[in-house]
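The first residue in the sequence is number 1, and the count goes up from there.
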Amino acid sequence: MSYTVETAARTAPAAVIVAIDGPSGTGKSSTSKAVADKLGLSYLDTGAQYRAITWWMLSNGIDVNDAAAVANAAAKPVIVSGTDPSAPTITVDGVDASGPIRTQEVTSKVSAVSAVPEVRRLITELQRSIAKGAEAGIVVEGRDIGTTVLPDADLKIFLTASPEARAARRSGELKGADVSATREALIKRDAADSSRKTSPLAKADDAVEVDTTELTLQQVIECVVTLVEEKRVTK
């Protein structure tokens, strides 16, 4: 059998854009990275981008509670996201921000910054351009991907879990964190993200909901991999 470029094109898996949404602590990041890595797709953590711009605002003395000040400064930082699922990176003005964006200070301020319409517009444009440039397909995780950023995504998945399960997972990630306090913080973040006027956290009408409360991470990954493979076949 002769093997040509055309043959390769016919047998290569279809490129798919996968949107994975859901609140914190549902296993979104771990699942998204693992699925992208296993299926040879690019990966984008959109939450990291909002954390990055929040960190920049804080580092540059912008009052993050002043929506007008945040809006005026929103276009200044240059945010670059690496899309390798095995080693995702993010830089702000050329500086590695992967560590600084995970501080408690950034975590406590990111909802206020991400609620500013000008911030969401700029970051959404960035996310769409990254997804468009992913030739083999991409897994994009966030809170408004299936509803706002990529409403035409090939597959939309919405991960959920009980507040108790989410708090336990997040406390495990944040060594020594109080589970009760973490639970209250998650509920507060949910309320802020779900009630903001611009691109609130919401499940798309055509999204597949996966409750991860009683599932291991590996089970969630296998479930999502199956959904993506099925989509590839039918695309």
Check: Gly27 main-chain N/O paired with Thr31 side-chain donor or acceptor under 3.5 Å: yes
Could I get the full list of salt bridge (Lys or Arg N to Asp or Glu O under 4.0 Å) partners for Arg51, not counting sequence neighbours? none
Indicate the atoms forming the closest heavy-atom contact of Thr213 with Ala165, along with that distance. CG2-CB, 4.0 Å
Contact summary for Ala19 and Ala153, nearest pair of heavy atoms: CB-CB, 4.0 Å
Candidate pair Phe158 and Leu201, rule side chain to side chain contact (heavy atoms under 4.5 Å, CB included), full reasoning: CA-CA 10 Å; Phe158 193 85; Leu201 164 66; 4.0 Å; yes
Distance, nearest 0.5 Å, that separates CZ of Arg166 from CG of Leu186: 5.0 Å
How many angstroms lie between CD1 in Ile101 and CG in Leu58, if you round to the nearest 0.5 Å? 12.5 Å
With sequence neighbours excluded, residues passing side-chain hydrogen bond (donor to acceptor under 3.5 Å, both in side chains) with Asn60: none
OG on Ser111 to CZ on Arg143, rounded to 0.5 Å: 7.0 Å
Sidechain-backbone polar pair: Asp96 side chain, Thr91 backbone, donor-acceptor under 3.5 Å: no
Please report the interatomic distance NZ(Lys109) to OG1(Thr54), rounded to the nearest 0.5 Å. 10.5 Å
Could you list the residues that satisfy side-chain hydrogen bond (donor to acceptor under 3.5 Å, both in side chains) with Thr234, not counting sequence neighbours? none
Linking directly or through intermediates, with side-chain heavy atoms under 4.5 Å: list the remaining ILVMFWY members grouped with Val78, chain and number order. Val80
CG (Leu44) and CD1 (Ile145) are apart, to the nearest 0.5 Å, by 7.0 Å
Quick check on the hydrophobic clustering: are Val70 and Leu126 connected, directly or via other members, by side-chain heavy-atom contacts under 4.5 Å? yes
Reported CD1-to-CD1 distance for the pair Ile62 and Ile53, which is rounded to 0.5 angstrom: 10.5 Å
Hey, does Trp55 have a side-chain heavy atom less than 4.5 Å from the side chain of Val92? yes
Results of side-chain hydrogen bond (donor to acceptor under 3.5 Å, both in side chains) for Ser29 - residues two or more places apart only: Glu141
Test question: given the 4.5 Å side-chain rule for I, L, V, M, F, W and Y, name all other residues clustered with Val139, or answer none. Val16, Val18, Ile20, Val35, Leu39, Leu41, Leu155, Ile157, Leu159, Val208, Val210, Leu215, Leu217, Val220, Ile221, Val224, Val225, Leu227, Val228
Looking only at heavy atoms, the pair that brings Pro200 and Thr147 closest together is O-OG1, 4.4 Å
Decide yes or no on side chain to side chain contact (heavy atoms under 4.5 Å, CB included) for Thr46 and Val149, but give the supporting numbers first. CA-CA 10 Å; Thr46 63; Val149 180; 5.9 Å; no
Test Tyr50 against Ile123 for side chain to side chain contact (heavy atoms under 4.5 Å, CB included), laying out the working first. CA-CA 8 Å; Tyr50 285 107; Ile123 298 295; 3.6 Å; yes
Applying salt bridge (Lys or Arg N to Asp or Glu O under 4.0 Å) to Asp206 and not counting sequence neighbours gives Lys156
Of all heavy-atom pairs linking Ser81 and Gln49, the shortest is OG-NE2, 3.1 Å
Can you name the residues that form a salt bridge (Lys or Arg N to Asp or Glu O under 4.0 Å) with Lys28, not counting sequence neighbours? none
Here the pair of heavy atoms bringing Thr212 nearest to Ala161 is OG1-CB, 3.4 Å
Over all heavy atoms of both residues, which pair between Ala36 and Ser42 is shortest? Give the atoms and the distance, please. CB-O, 3.6 Å
Can you run down the salt bridge (charged side-chain N to carboxylate O under 4.0 Å, His left out) pairs that involve residues 34-49, sequence neighbours left out, and say none if there aren't any? Asp45-Arg102
Glu209 meets the salt bridge (Lys or Arg N to Asp or Glu O under 4.0 Å) criterion, sequence neighbours left out, with Lys203
Would Asp93 and Trp56 count as a side chain to side chain contact (heavy atoms under 4.5 Å, CB included) if you check the C-alpha gap in whole Å, the side-chain angles of each, and the deciding distance to 0.1 Å? CA-CA 9 Å; Asp93 295 337; Trp56 184 91; 3.2 Å; yes
Test side-chain hydrogen bond (donor to acceptor under 3.5 Å, both in side chains) applied to Thr124 - qualifying residues, sequence neighbours left out: none
Residue pairs passing the salt bridge (charged side-chain N to carboxylate O under 4.0 Å, His left out) test with at least one member in residues 110-125, sequence neighbours excluded, are Arg120-Asp144, Arg121-Glu125
Beyond-backbone contact of Val140 with Gln127, side-chain heavy atoms, under 4.5 angstrom: no
